[in-house]
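Note that the coordinates shown come from a computational prediction; the quantities given were computed from them, not determined experimentally. Each chain gets a letter, A, B and so on, in the order its sequence line appears, and its residues count up from 1.
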Amino acid sequence: MPELPEVEVVRRGLEAHALDRVITSVEVLHDRPVRRSPGGASVFAGALVGRTFTAARRRGKYLWLPLSPGSSAPASLPMGAQVDDAVIGHLGMSGQMLVQPVGAPDEKHLRVRFTLADATGARSELRFVDQRMFGGLALSAGGAELPPEIAHIARDLLDPEFDLDDFARRVRRRTSGIKRLLLDQTLVSGVGNIYADEALWRSGLHGERPGDRLTSAQVLELAGHARDVMSQALEQGGTSFDALYVNVNGQSGYFDRSLNAYGREDEPCRRCGTAMLRAAFMNRSSYFCPSCQKPPRARRA
DNA sequence: CAAACTACCTGACTGC
DNA sequence: TGCAGTCAGGTAGTTT
């Protein structure tokens, strides 16, 4: 499951292999991944032919690819509606962006195929592959700046402009459990279930501790741990786009070697030896050490 | 506004 | 062997 480090690897791969090439054709093999694109598959494909991706940018787990100028807005949209300044992408649970030679066998879950031609005319394919289709691609009027569709997504912990003090202030105004707040993309983006559990374990905090019962220092330490876990994963992540397929499938080795909390039910805590627990949380699981991460006392009524 | 819930997806796995 | 059930989980949308 791609989390922020994996998405950053994908962004770098796109930057290296998908920019400054003319899109000569777009084939949408399944409608669902373009479900949020205005006008659907036909507008999506039609608007992109002849255009060029000019950059690969990221906010949290969202990617966007600004486009070279187009001729006009698609006729099927209302007058003045402009939707084709960038392509927004999200990998969801199982999405991959692959660069393949023209004619390489289709992946089982290939959803969208872009054929690209470089200045010499040499062609390649950019493919969006997504088994479970939580992810998707969409046209946006956003352009080079943050597209409006993802304006609600906060900066992430690897972003030099992330405002730690503001984050701590906002967390400490909330009554929800800290794990829920870590996963709230309007407070901080890019933290998924795995890294949330890791950061909480490193901080010795239970995920149900309410935000307003944390000190500023605790929030700052937690954010630091979350940032460290993700930057370490990024360092160990793929170095070449060829390795991307492996990385995006979670086989980079990072998860096997470096996780201290996620997936370790009944295994000894690497700090104190106590058996780790698993608890149901938001239709998924939380893993924690019951000794290092004490649950909060019930709030007085 | 904040909080909490559900829907969306497919495939691997488990138990009968 | 098959079939039903469970689990994985990010985000948008709805409800309270």
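- Under a cut-off of 6.0 angstrom, the local environment of CZ in A:Arg123 is sparse, with at most 12 non-hydrogen atoms contributed by other residues, nucleotides or ligands.
- At a threshold of 4.0 angstrom between heavy atoms, the contacts of A:Gly92 with the nucleic acid are absent.
- With A:Cys289 as reference, A:Thr274 is the one residue of A:Thr274, A:Leu277, A:Asn260 to meet the side-chain contact (heavy atoms from CB on, under 4.5 Å) rule.
- With sequence neighbours excluded, the residues that form a ring-ring contact (aromatic ring centres under 6.0 Å, His included) with A:Tyr62 are A:His90.
- Residue-level contact check: A:Arg278 touches the backbone only, with heavy atoms under 4.0 Å from sugar-phosphate atoms and none from bases.
- For the salt bridge (charged side-chain N to carboxylate O under 4.0 Å, His left out) with A:Asp156, the qualifying choice from A:Arg58, A:Lys61, A:Arg11 is A:Arg58, the only one to do so.
- In this entry the distance linking CD of A:Gln131 with C1' of C:dG10 reads 15 Å, nearest Å.
- Following rounding to the nearest Å, A:Arg35 (CZ) and C:dG10 (C1') show an atom-to-atom distance of 11 Å.
- Rounded to 10°, the helix from B:dA2-C:dT16 to B:dC16-C:dG2 has 50° between the axis fitted to its first five pairs and the one fitted to its last five.
- A:Asp130 comes within contact range of no nucleotide atom at all, as no heavy-atom separation falls under 4.0 Å.
- Listed by first then second residue, pairs satisfying salt bridge (charged side-chain N to carboxylate O under 4.0 Å, His left out) with a partner in residues 179-192 of chain A read A:Arg174-A:Asp184, A:Lys179-A:Asp197, not counting sequence neighbours.
- By the 4.0 Å N-to-carboxylate-O rule, A:Arg202 lies too far from A:Glu198 to be salt-bridged with it.
- For A:Gln96 and A:Glu107, the side-chain atoms include no donor-acceptor pair closer than 3.5 Å.
- The salt bridge (charged side-chain N to carboxylate O under 4.0 Å, His left out) analysis of residues 18-41 of chain A, with sequence neighbours excluded, yields the pairs A:Glu27-A:Arg113.
- Residues A:Asn283 and A:Lys108 both approach DNA chain B. Their nearest nucleotides, taken by heavy-atom distance, put A:Asn283 toward the 5′ side.
- Figure legend: cation-pi geometry between A:Arg271 and A:Trp201, with NZ or CZ positioned under 6.0 Å from the six-membered ring centre and within 45° of its axis.
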Heavy atoms under 4.0 Å is the rule here; annotate nucleotides 11-16 of chain C 5' to 3' with B where the base is hit, S where only the sugar-phosphate is, and - elsewhere.
-> SSS---
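- The outermost nucleotides of DNA chain B lying under 4.0 Å from heavy atoms of chain A, listed 5' to 3', are B:dA2 to B:dG11.
- A single hydrophobic cluster is not seen to contain both A:Met133 and A:Leu91; linkage of ILVMFWY side chains at heavy-atom distances under 4.5 Å, directly or through other members, places them apart.
- Other residues, nucleotides and ligands contribute more than 12 heavy atoms inside 6.0 Å of the CD atom of A:Glu15.
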